[in-house]
Amino acid sequence: MADQDPSRRVRHILGISGGRDSAALAVLMHARVPQMEYFFCDTGKELKETYQFLDRLRARLGITITRLQAERGFDHWLSVYNGLLPSPRMRWCTKKLKIEPLEEFIGDDAAVSYVGIRADENRDGYISTKPNIEAVFPFREEGIDKAGVIRILEESGIGMPDYYRWRTRSGCFFCFFQRKIEWVRLSDEHPDLFALAVGYEEGHSDGRRYTWTAGETLRQLIARRAEIEREDVQRMSRASARPAPNAPLAEVLALHFDDDDVGAGCTICHV
Ligand code: SF4
């Protein structure tokens, strides 16, 4: 492991995604590891709420968050991939816009990477296979679950990212991991971004069609908005968990927008 050669400086790094879990991890670790280097992989397709949340975090903790950005952006890589929209099976976006800039940032330095996977999660997320990077999981080691994360953010005064009102994950506005109801909410909250996402589906002069969400285009999806909203109400009423009457707003939102049941995500993108 990285610490074994005393002549080499070991870097301590923590990736901030703009989401809840990595922010809470920064709160937990910033006093314990003063030399921590915080970074944010910026795809250039983020929500403005994400930048606002990062500003809050920066101001509250007094930390610097280094912005990592690929030399060539999403639109360049989209054309390299011949217009093929990224998907859970073809996640070139994560590789090109997040993993490669991160690995360049670390280079060959020995580094300990602090990963915000919670004790109640059953997934690995992105863990570098480079031998000079060692991943550690403080939430898992300390048994910190989702309620614990929410508590950390509330007690710090940072609170939840504003987009949690309508969306469960950080990341690109067009992220294919979002639920259908979240596409509907994107069209309400950011109609300009929704229109851009529609444009990505339709922008092929040779008539090829790719879709962000399984089985339908965004135009078809939005035409079904009443049905999607109805299904979402049913999903929420099926959820047996109910917050305590005096539960903080963040806890209520976390129940309604539980991001643990919407397929695999990735720590480098979403938490
Ligand atoms: S947030 Fe979604 S669309 Fe953006 S890089 Fe990550 S997986 Fe790809």
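Counting starts at 1 for both ligands and their atoms, in listed order. These values consider heavy atoms only, across backbone and side chains, with no hydrogens, waters or symmetry-generated copies. If you read the sequence from its start, that first residue is 1, and numbering goes on from there.
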Enquirer: If you take the centroid of each ring, where Trp contributes its six-membered ring, are Tyr164 and Phe53 closer together than 6.0 Å?
Expert: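 Judged by ring-centre distance (under 6.0 Å), Phe53 and Tyr164 do not meet the cut-off.
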Enquirer: Would you please name every residue forming a ring-ring contact (aromatic ring centres under 6.0 Å, His included) with Tyr38, sequence neighbours left out?
Expert: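 By the ring-ring contact (aromatic ring centres under 6.0 Å, His included) rule, Tyr38 matches no residue at all.
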Enquirer: Using a cut-off of 2.8 Å, how many protein N, O or S atoms sit around atom 2 (Fe) of ligand 1?
Expert: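 Protein heteroatoms (N, O, S) closer than 2.8 Å to atom 2 (Fe) of ligand 1 number 1.
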Enquirer: Is Val233 reachable from Trp166 through a run of I, L, V, M, F, W or Y residues, each pair having side-chain heavy atoms under 4.5 Å apart?
Expert: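 No, no single cluster joins them.
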Enquirer: In terms of side-chain geometry, is the basic nitrogen of Lys146 or Asp120 positioned less than 4.0 Å from the acidic oxygen of its partner?
Expert: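 Looking at Lys146 and Asp120, the cut-off is not met.
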Enquirer: Do the two ring centres, one from Trp92 and one from Phe74, sit under 6.0 Å apart?
Expert: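 Here the rings of Phe74 and Trp92 have centres that are less than 6.0 Å from each other.
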Enquirer: Got a salt bridge between Glu231 and Lys180, using NZ or NE/NH1/NH2 to carboxylate O under 4.0 Å?
Expert: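 Salt bridge between Glu231 and Lys180, a charged N being under 4.0 Å from a carboxylate O: no.
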